[in-house]
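So the structure is just underneath, and the comments pick up after that.
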Amino acid sequence: MAGTGLGLSICRGFIEAHGGGIVAHDGPQGVGTTIVITLPMTAMPTVAEDDEDLQDGSAEGN
């Protein structure tokens with residue numbers, strides 16, 4: 001089954017839009033391919049104390 005060859009290009013666009021990078025290398029012992037994806041690490045967002053409905057999950061799906 002043949003593809004269009006756009007997969008890595010599309011992934012690169014998404015990853016770079018998030019400040020990351022993607023590189024392809026030869027696989028171990030020259031067999032296959034190894035894809036290395038890096039993304040920046042940021043702090044988890046915090047929920048304000050007055051947003052109790054969000055903290056206990058009761059506002060989900062509303």
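None of the values given here were measured: they were computed from a predicted structure.
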- prompt: How would you list all residue pairs meeting salt bridge (Lys or Arg N to Asp or Glu O under 4.0 Å) that involve residues 22-39, not counting sequence neighbours?
  reply: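 Passing the test, one end in residues 22-39: no pairs.
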- request: Starting at SG of Cys11, measure out to CD1 of Ile35 and round the result to the nearest 0.5 Å.
  value: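 Spacing of SG (Cys11) from CD1 (Ile35) equals 8.5 Å.
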query: Which atoms form the tightest heavy-atom contact between Gly27 and Thr34, and what is the distance?
result: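 Nearest pair, atom of Gly27 first, then Thr34: CA-OG1, 3.6 Å.
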field: Side-chain heavy atoms of Val36 within contact of His25, under 4.5 Å
entry: yes
Show me, pair by pair, the donor-acceptor contacts under 3.5 angstrom made by side chains of residues 12-20, not counting sequence neighbours?
unit_1: Arg12; atom_1: NE; unit_2: Glu16; atom_2: OE2; d: 3.0

